[in-house]
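Below is one structure, written out as structure tokens, with a few remarks after it.
Lettering of chains follows the sequences in order, A, B, ..., and the numbering in each one begins at 1. Since this is a predicted model, take the numbers as computed values, not measurements.
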Amino acid sequence: MKILVPIKRVVDYNVKVRAKTDGSDVDIANVKMSVNPFDEIAVEEAVRLKEAGKAEEIIVLTIGPEKAQEQLRTAMAIGADRGIHVVTDDNVEPLSVAKALKHFVEKEQPNLIIMGKQAIDGDYNQTGQMLAALLGWPQATFASKVELNGDSAHVTREIDGGLETLKIALPGIITTDLRLNEPRYAKLPDIMKAKKKPLDSFTPADIGVDFTNRLQILKVNDPPVRQGGVKVGSIDELIDKLKNEAKVI
Amino acid sequence: MSILVIAEHDNQTIKPSTLSTITAARKIDSDVHLLVAGHNMDGALAQAANIHGIMKVLKAEHSGLEHALAENLSRVICDLADHYTHILAPATTFGKNVMPRVAALLDTQQISDITAVIDGDTFERPIYGGQAIATVKSSDTKKIVTVRSTMFDAVTPEGGNAPTEEVTAHADFDKTAFISLEESKSDRPELTSAGIVVSGGRGVGSGDDFTKLIEPLADKLGAAVGASRAAVDAGYVPNDYQVGQTGKIVAPDLYMAIGISGAIQHLAGMKDSKVIVAINKDEDAPIFQVADYGLVADLFETVPELMQKL
Ligand SMILES: Cc1cc2nc3c(=O)[nH]c(=O)nc-3n(C[C@H](O)[C@H](O)[C@H](O)COP(=O)(O)OP(=O)(O)OC[C@H]3O[C@@H](n4cnc5c(N)ncnc54)[C@H](O)[C@@H]3O)c2cc1C
Ligand SMILES: Nc1ncnc2c1ncn2[C@@H]1O[C@H](COP(=O)(O)O)[C@@H](O)[C@H]1O
């Protein structure tokens, strides 16, 4: 069993982000960057499957700037075996990411793809489903539990009405939700070892996928700010305000 | 221009998210059709035909559509796509699951989670967990869109009289099988459309205290119950209570955050609420920056008092 895990370099989830004053984009100069949290969970899940003897090889793949190599190394420190890096400074949209991933799926022939449900920068929540469609593969999105049984997987999904369990035949795609697992911290020796693991780089031209965006960003603004409210001193005052001022109860 | 809205339903009833999606669709054009795809769905079909502002109901009946499997439903939608300039679905786990699949099959870049319609090509959508709002213009000939339902009022579910047309449903993808649904049953209002939401966080301390403090308060107010991710992770409540960037988006008239610090990811899911109340013992908790009424106090003392005085 070979597992492919696509990961994205994103602004760390603890960083406060603001729009640039000219409204052209968000201002993320010099902020801390990390592996997208959902992708870290995907890597962890793959590593656990390997540790359980259910997988032999884990490939991590990213499409992103030169520095996204750091995130590939982080994933390899957690336990991925090798990395693939498509180097580009473009802000690649999910459809193009999915097409680029398809190229490598055809080349590497993984049995399972585990990826994040959502990258926390663009908040698209699309790429896994798109890749599944392009490959004609089954999908199990928003997974909180995964059980592999030979050539199929039982996946429990976090959906609005509760928990749904699907069985998908492999090869297939699983996208992760937060409760699937808690990723480990990489230990120093593993970080050192990760530096020596194989990493292949490609240009967009190498893989023949057009990265032209279909969505033009006209502007990026800060959301409307809420006017800070008041502090109330007691429950009586709170009830009074809710009844007579806000009139919501 | 004709617009297709994909109904979210459980074969019996049409979900409120569908009604808001129709409002978004009508901001683009009034010729809105509604696809109801499912199995043994007389209840959902009857409701669909009644919805105000729908010109036509499309019925796709197939056992493979009973559980809205993305592989089957996307095929049905793609078979209809030629007739429509825009295809919209709610940005719930239902719409998020199926629509990107449709978009990829049609070689289209989906526009996720729109919060405003500027025109037929241009939409607003939040990015970075709602920390910024992007205005995006699509160059695709067909638009595949998911809609944040809290940002659009629901259309009236009555008063319509749309004809129903049956469409052929190809729904025989055999590599995915539905196994089970562990439904979270509750007599309380549905979280995303409730008028009042009472949410508890890690500060509530245990599942027991959640049941003793947060739930009765919600019941007293006729409210839905929500939670922060930390409360879900700690096992106080099921996952589908989670409000936030990666959970449910809510915008009730009144949102009460109890023992919730107000992390960016939580605010992303509730800061469009009309009135926000926060009860937290830490006066510096970020939740107070968005709260209309903040009470710095111990929740174990104040929540029982609140309940008693309401
Ligand atoms: C990728 C990602 C996605 C995420 N998505 C979400 C999401 O969708 N929704 C979400 O909520 N979170 C999400 N999170 C988690 C988020 O970052 C926070 O960790 C979480 O919201 C914190 O929950 P909390 O406020 O309940 O807990 P804490 O931050 O621990 O706050 C508990 C609060 O309770 C108060 N308190 C304690 N005891 C009492 C008492 N006796 N009386 C009164 N107050 C008390 C404390 O002062 C504190 O402010 C996400 C995180 C990541 C990494
Ligand atoms: N540039 C990228 N490189 C590799 N994987 C990506 C990239 N963008 C998105 N992904 C994967 O797709 C998932 C969903 O992203 P999105 O559809 O952008 O929300 C992420 O969690 C990643 O697993």
In plain terms, say whether [X] and [Y] are close enough for a salt bridge, that is, a side-chain N and a carboxylate O under 4.0 Å apart.
| X | Y | value |
| --- | --- | --- |
| B:Asp292 | A:Arg226 | yes |
| A:Glu158 | A:Arg179 | yes |
| A:Asp160 | B:Lys15 | no |

Relative to chain A, which segment of [X] carries a heavy atom at a distance below 4.5 Å: side chain, backbone, both, or neither?
| X | result |
| --- | --- |
| B:Asp174 | neither |
| B:Glu190 | neither |
| B:Ser138 | both |
| B:Thr146 | neither |
| B:Phe173 | side chain |
| B:Leu306 | both |
| B:Lys309 | both |
| B:Val102 | neither |
| B:Leu191 | neither |
| B:Lys274 | backbone |
| B:Asp253 | both |
| B:Gln289 | backbone |

Max heavy-atom pair count under 4.5 Å with chain A, selected residue of [options]:
| options | answer |
| --- | --- |
| B:Ser180, B:Pro252, B:Ala263, B:Pro238 | B:Ser180 |
| B:Ala103, B:Pro126, B:Ser273 | B:Ser273 |
| B:Phe178, B:Tyr241, B:Phe123 | B:Phe178 |
| B:Leu105, B:Val277, B:Asp107 | B:Asp107 |
| B:Gly222, B:Ala91, B:Ala134 | B:Ala134 |
| B:His67, B:Gln242, B:Glu283, B:Glu305 | B:Glu305 |

**Report entry** Contacts of residues 295-304 of chain B with chain A (heavy atom under 4.5 Å)
**Finding:**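 Residues B:Leu295, B:Val296, B:Thr302 are the ones that qualify, each having a heavy atom under 4.5 Å from chain A.
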
Report all side-chain donor-acceptor pairs from residues 12-21 of chain A shorter than 3.5 Å, counting only partners two or more places apart or in another chain.
{"unit_1": "A:Asp12", "atom_1": "OD1", "unit_2": "A:Ser34", "atom_2": "OG", "d": "2.5"}
{"unit_1": "A:Asp12", "atom_1": "OD2", "unit_2": "A:Asn14", "atom_2": "N", "d": "3.0"}
{"unit_1": "A:Arg18", "atom_1": "NH2", "unit_2": "A:Asp222", "atom_2": "OD2", "d": "2.6"}

Top contributor to chain B interface from [options] [non-hydrogen pairs under 4.5 Å]:
| options | result |
| --- | --- |
| A:Val10, A:Asn221, A:Leu131 | A:Asn221 |
| A:Val232, A:Thr141, A:Leu238 | A:Val232 |
| A:Met130, A:Gln126, A:Glu93 | A:Gln126 |
| A:Ile159, A:Asp177, A:Ile249, A:Asn213 | A:Ile159 |

Query raised in the report: Going through the checks in order, is the side chain to side chain donor-acceptor pair (under 3.5 Å) test met by A:Asp22 and A:Ser24?
Result: CA-CA 6 Å; A:Asp22 68 0; A:Ser24 60; 2.8 Å; yes

Report task. Please lay out, stage by stage, how A:Ile120 and B:Gln265 fare under the test side-chain contact (heavy atoms from CB on, under 4.5 Å). Result -> CA-CA 10 Å; A:Ile120 60 164; B:Gln265 293 83 12; 5.6 Å; no

Requested in this report: Using salt bridge (Lys or Arg N to Asp or Glu O under 4.0 Å) as the criterion, list what pairs up with B:Asp121, not counting sequence neighbours.
Outcome: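 Testing B:Asp121 for salt bridge (Lys or Arg N to Asp or Glu O under 4.0 Å), a comparison that skips the adjacent residues, returns B:Lys143.
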
Query raised in the report: In a check of salt bridge (charged side-chain N to carboxylate O under 4.0 Å, His left out) between A:Arg184 and each of A:Glu45, A:Glu44, A:Glu40, which one passes?
Result: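 The option that passes is A:Glu44.
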
Taking the side chain from [X] and the backbone from [Y], do they hold a donor-acceptor pair closer than 3.5 Å?
| X | Y | answer |
| --- | --- | --- |
| A:Lys2 | A:Glu108 | yes |
| B:Lys271 | B:Ala268 | no |
| B:Asn72 | B:Gly64 | yes |
| A:Asp39 | A:Val5 | no |
| B:Lys142 | B:Ala81 | yes |
| A:Asp123 | B:Gly129 | yes |
| B:Arg125 | B:Ser112 | yes |

Query raised in the report: Does NZ belonging to A:Lys145 count more than 12 external heavy atoms closer than 6.0 Å?
Result: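 Open: at most 12 neighbouring heavy atoms sit under 6.0 Å from NZ of A:Lys145.
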
Query - More than 12 heavy atoms of other groups within 6.0 Å of A:Lys219 NZ - result: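 No, the 6.0 Å shell around NZ holds no more than 12 heavy atoms from other groups.
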
Checking [X] against chain B: side chain, backbone, both or neither under 4.5 Å from a heavy atom?
| X | answer |
| --- | --- |
| A:Ala98 | neither |
| A:Leu178 | both |
| A:Phe142 | side chain |
| A:Ser234 | backbone |

Show which side-chain atoms of residues 161-170 of chain A pair as donor or acceptor with protein atoms under 3.5 Å away, not counting sequence neighbours.
{"unit_1": "A:Glu164", "atom_1": "OE1", "unit_2": "A:Arg157", "atom_2": "NH1", "d": "2.6"}
{"unit_1": "A:Thr165", "atom_1": "OG1", "unit_2": "A:Thr156", "atom_2": "OG1", "d": "3.4"}

Query - Working for side-chain contact (heavy atoms from CB on, under 4.5 Å), residues A:Leu135 and A:Lys102 - result: CA-CA 7 Å; A:Leu135 293 166; A:Lys102 178 170 183 260; 3.8 Å; yes

